[in-house]
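Keep in mind that this is a model prediction, so the values were computed, not measured. Residue numbers start at 1 and run along the sequence shown. Note that ligands are numbered from 1 as they come in the structure, with each ligand's atoms numbered from 1 the same way.
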Amino acid sequence: MIYQIYPRSFCDASGDGVGDLEGIRRHLDHVARLGTDAIWLSPFFKSPMADFGYDVSDYCDVDPLFGDIDTFDRLVQQAHERGLKVIVDFVPNHTSDRHPWFEESRSSRDNPKHDWYYWRDGRTDAEGGWGPPGSEGRMPNNWRAAFPEVGGKEFPPAWTWDRRRDQFYLHLFLEEQPDLNWGNPGVRAAMEDVLRFWMARGVDGFRIDVIHGIGKDPALPDLPPNLAPIPVIALNDHPSAHPYVCSLRSVVDTWEEPPRRMLVGEVVLPTAGHTLAYYGTAALPELNLVFNFHPLRAPWQASAWRRRVQEVEEMLGPGGWWPTWVLSNHDNPRHRTRYGSEGRARAAALLLLTLRGTPFLYAGEELGLEDAEVPPQRSVDPGGRDGCRAPIPWDATPAHGWAGGPDPWLPWPPGAAAGMNVADQMDDPDSVLHLYRRILVARKASPALLHGTFRWIESPQDTLAYTRESGGDTRLVVINFGDREVKVGLPEGCWNLQVRTGRGSGPDVADHLVLRGEEAALLVERTGS
Ligand code: ISL
């Protein structure tokens, strides 16, 4: 299980109301005791924070807001001492507009980095352009950037006019995030050096931001009119990305023999099939893991989840280790909020941690946190994603364990003062936190759950059931998506209940299992005498 930490929101040790690396270091025991294998740290690099760190102005240094490189080294060392691997974010598609590379690139049309980014002249009248220089009618194509304009639904153009060069530059996200031109070998070499810098500091892998963005059709053609309103990052999937990704993989794989570092990439494209391509081939491997966000968008319905899991299983084939499973992250409403009840969130935890593949858990998910209500005057994210980035409450005091006091950069999530904090949940054996721990203990001790086969089992409407099997180890998972009690007949064999997600003990298991509404259970097959 890989545990995502959004540094701004985890814990503040410095007293400025923003989480930091030292705050993370102090809570490594919490993370390790949960049963985590690796932590993934969202960006903590130098950044003007237009996109809260996904706009990097120095890839090889820590932003003072989060601490310094010595604190980072200490964090890595202490994580390793606890058996936790450390994965850092790598943001290759764009830099900050304040990165020295961009500052140089925008300084003239003939500087050494003049084509490290995508610069284009405005369309002339002959090319169908209209209006004054630098205006929308002159933009090189009809692409749209990612975040809707404040208060509106339309996405802004992906081009911004620069008066120094009298040219447009491309940005698939904010105008403060110009896109790097990966067609330029200097860009590729510099970015590969970034991987080496962090590997030399002991990191075990990289989570790669919007990796499918780095290959672009050099002609930058218009999108067809029906697709033009969609942010181009959700569609851009050019074959030129694959050799670049392959080369990143070889940088990581050749760092040490045998290779022991990994790449997990974010691919936000329309189907799971699109994401599959970013694994590469046996001869030309690319990513070790690719996020599959389609299940994250599935409603809490047995049929919808069955489809999502089936789709992945079919692409995977019996032997592969393909899928990643994600219910929540820093870009989307938490699943507790999406699904609307604690019972569902608890059942979803069992689903996440027993499917075949690598589960990712977003800090706070192990407490069943809901998104914070963020009033408009406190909203800060250009993408409207503040709610899921609320600070993690460590205890029930007004400051919830944050050094900066009761008023950090975003409001607390609901219930922080009573129940929805780490200390309270530690004391409650029925808490979501203890449920996650129980499931993760079971997972770690079970070859079937870690890498066994997957098979659907017939089950009543509104439920899903499947077995996982490896050698003599067989586990059965049954999930009741409905809100009424169901009786589920068990496959032949002798089954023991291992984890029930509902509070309290619940009915005994006989030749059938009774699940309460919104409840799931993990069973183990008893073999021998
Ligand atoms: O945020 C989204 C939906 O609300 C996504 O579409 C998101 O833009 C997409 O998943 C890419 O996300 C990544 O790159 C962005 C950054 O803002 C996100 O935080 C990051 O996860 C640009 O770097």
Residue pair Trp159, His171: steps toward the ring-ring contact (aromatic ring centres under 6.0 Å, His included) verdict
CA-CA 6 Å; Trp159 294 97; His171 51 89; 8.1 Å; no

Do you know which of Glu286, Arg188, His242, Glu192 makes side-chain hydrogen bond (donor to acceptor under 3.5 Å, both in side chains) with Ser247?
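Output: one option passes, namely Glu192.
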
Counting each atom of ligand 1 from 1 as listed, which ones have a heavy atom of [X] under 4.0 Å away?
X      : answer
His330 : 18 (C), 19 (O), 20 (C), 21 (O)
Asp51  : 15 (C), 16 (C), 17 (O), 22 (C), 23 (O)
Val210 : 11 (C)
Phe147 : 17 (O)
His94  : 22 (C), 23 (O)

What do you reckon, does Arg207 have a nitrogen or oxygen under 3.5 Å from a nitrogen or oxygen of ligand 1?
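Yes - when backbone and side-chain N and O of Arg207 are compared with those of ligand 1, one distance drops under 3.5 Å.
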
So, are [X] and [Y] salt-bridged, with charged N and O less than 4.0 Å apart?
X      : Y      : value
Glu342 : Arg336 : no
Asp222 : Arg123 : yes
Glu311 : Arg308 : no

For Lys216, I'd like to know if atom NZ has over 12 heavy atoms of other residues, nucleotides or ligands within 6.0 Å.
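Yes, enclosed.
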
For [atom], closest protein heavy-atom neighbour:
atom                    : answer
atom 6 (O) of ligand 1  : Val268 CG1, 4.7 Å
atom 23 (O) of ligand 1 : Asp209 OD2, 2.7 Å
atom 8 (O) of ligand 1  : Phe173 CE2, 3.5 Å

Determine, considering heavy atoms only, which of Glu266, Arg385, Gln177 sits nearest to atom 10 (O) of ligand 1.
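Looking at heavy atoms only, the winner is Glu266.
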
Out of Asn329, Asp381, Asp331, who is nearest to atom 21 (O) of ligand 1 when you count heavy atoms only?
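The option holding the nearest heavy atom is Asp331.
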
Answer yes or no: is there a donor N or O on one side and an acceptor on the other, between the side chain of Asp63 and the main chain of Phe66, under 3.5 Å?
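Not a single qualifying donor-acceptor pair exists.
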
For Asp115, does its backbone N or O pair with a side-chain atom of Asn181 as donor and acceptor, under 3.5 Å?
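The answer is yes, because a donor-acceptor pair under 3.5 Å joins these two groups.
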
Between ligand 1 and Arg389, can you find any atom pair, the residue atom being a heavy atom, that is separated by under 4.0 Å?
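Checking ligand 1 against Arg389, which is what was asked, there is a heavy-atom contact under 4.0 Å.
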
